[in-house]
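Numbers restart at 1 for each chain; the letters A, B, ... are given by sequence-line order, proteins then strands. This is a predicted model, so every value here is computed, not measured.
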2 protein chains.
Amino acid sequence: MELLKKVEFVKKCPTSYVLAINDTLNAIQGKWKMPIIAVLLFGKKRFKEIEREIPKITPRMLSQELKDLEMNGIVKRTVYDTTPVTIEYEITPSGEQLHDVLEAMIRWGLAHRKSNVMKNLPVFK
Amino acid sequence: MELLKKVEFVKKCPTSYVLAINDTLNAIQGKWKMPIIAVLLFGKKRFKEIEREIPKITPRMLSQELKDLEMNGIVKRTVYDTTPVTIEYEITPSGEQLHDVLEAMIRWGLAHRKSNVMKNLPVFK
DNA sequence: CAGTATCCCCCCAGATACTG
DNA sequence: CAGTATCTGGGGGGATACTG
């Protein structure tokens, strides 16, 4: 769908579009969501594994964000009945579909940085 | 680029991708960025016009967000030498390219809501 | 291992009022 | 019109310690 048509659509039916964008934003927004999703795109991981792969994240934050992601259907949590229990986190099919969004974001980010229009962007964050 | 290749790429060259995603997130993240961008996609607007079109936004927030967007090269601010001065905000070409990201987000948001995997999403925000 | 529980600080953002 | 100034509360998120 091209821009003008979309704009027209938004005019006529704002709620569903705004809602959809909001859902997506909620899914990926927050300091640690993207890193966690990125890590899980490489496959199932356990709590400590994720923690180890994301520098500086605290268990408190990891726990909290994983709950969010689970509630939003991005991540699935499975408890295995071993002793002690093993718990694995994996990305859901729906979560995996986020790669389209990520690719669009990567493409825009690269192009935008190249176009050099940013006046005051920190090189690292 | 498909997922696996991207993942490989991320493994080899994490910084640029993470940076790009970060840039994009910074551009659109925040409570009022998307509404402002949406409004400006309809054309040039003045401060008060934007304020009127976005319910509940305060001048303080609008001013702040517009500055952010300008610094990030998403929005251009033009001062016209009338009396009193007229100031117009318009979206930049680079900002307009965000529609690819928006469309990806809309597509994912709609599909994800349809797939009904969300356990606890507020119907309205 | 897989998390909770507490404490605490900072800053985002709302309310309200004011200015060139 | 096009914003800025000031005050304020709530919560996101860090540090640290603890638990089944």
Taking only the side-chain heavy atoms of [X] (C-beta and beyond), determine which of [options] contains the nearest atom.
X	options	answer
B/Phe47	D/dA2, C/dA2, D/dG14	D/dA2
B/Arg46	D/dA2, D/dG13, C/dG14	D/dA2
A/Lys31	C/dA2, D/dG14, C/dT4	D/dG14
B/Tyr89	D/dG3, D/dC1, C/dG3	D/dG3

[X] [atom1] to [N] [atom2]: how many Å, rounded?
X	N	atom1	atom2	answer
B/Lys45	D/dA2	NZ	P	13 Å
B/Asp68	C/dC11	CG	C1'	14 Å
A/Glu65	D/dG11	CD	C1'	14 Å
B/Leu66	D/dG3	CG	C1'	11 Å
B/Glu51	D/dC1	CD	C1'	10 Å
B/Met61	D/dT6	CE	P	16 Å
B/Ile87	C/dG20	CD1	P	16 Å
A/Ile57	D/dG12	CD1	P	15 Å

Answer yes or no: does atom NZ of B/Lys45 have more than 12 heavy-atom neighbours from other residues, nucleotides or ligands under 6.0 Å?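 Counting neighbours around NZ of B/Lys45, more than 12 heavy atoms of other residues, nucleotides or ligands fall under 6.0 Å, so yes.
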Looking at [N], I'd like to know if its phosphate oxygens (OP1 or OP2) sit under 4.0 Å from a side-chain N or O belonging to [X].
X	N	answer
A/Ser63	C/dT4	yes
A/Lys67	C/dT4	yes
B/Lys33	C/dC12	no

Given B/Ile36, which partner from the list B/Asp68, B/Leu62, B/Ile91 fulfils the side chain to side chain contact (heavy atoms under 4.5 Å, CB included) test?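 Option passing the side chain to side chain contact (heavy atoms under 4.5 Å, CB included) with B/Ile36: B/Leu62.
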With a non-hydrogen cut-off below 4.0 angstrom, is A/Pro59 in contact with a base, only sugar-phosphate, or nothing?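 Base contact - A/Pro59 has a heavy atom under 4.0 Å of at least one base atom.
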Could you check whether B/Arg60 gets within reach of a base, just the sugar-phosphate, or nothing at all, counting any heavy atom under 4.0 Å?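 It contacts base atoms.
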The test is side-chain contact (heavy atoms from CB on, under 4.5 Å); show your working for A/Trp32 and A/Lys56 and say whether it passes. CA-CA 10 Å; A/Trp32 302 107; A/Lys56 308 251 176 191; 4.3 Å; yes
G-U wobble or Watson-Crick pairing nucleotide for C/dG20 (cut-off 3.5 Å, both distances):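 Checking every strand shown, C/dG20 finds its partner in D/dC1, with both distances under 3.5 Å.
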Report the C-alpha distance between A/Arg46 and A/Ile87 in whole Å, list the side-chain angles of each, state the deciding distance to 0.1 Å, and finish with yes or no for side-chain contact (heavy atoms from CB on, under 4.5 Å). CA-CA 6 Å; A/Arg46 301 171 61 178; A/Ile87 292 167; over 6 Å; no
Nearest 0.5 Å please: distance from the NE2 atom of B/His99 over to the CD1 atom of B/Ile37.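 Taking NE2 in B/His99 and CD1 in B/Ile37, the distance rounds to 12.5 Å.
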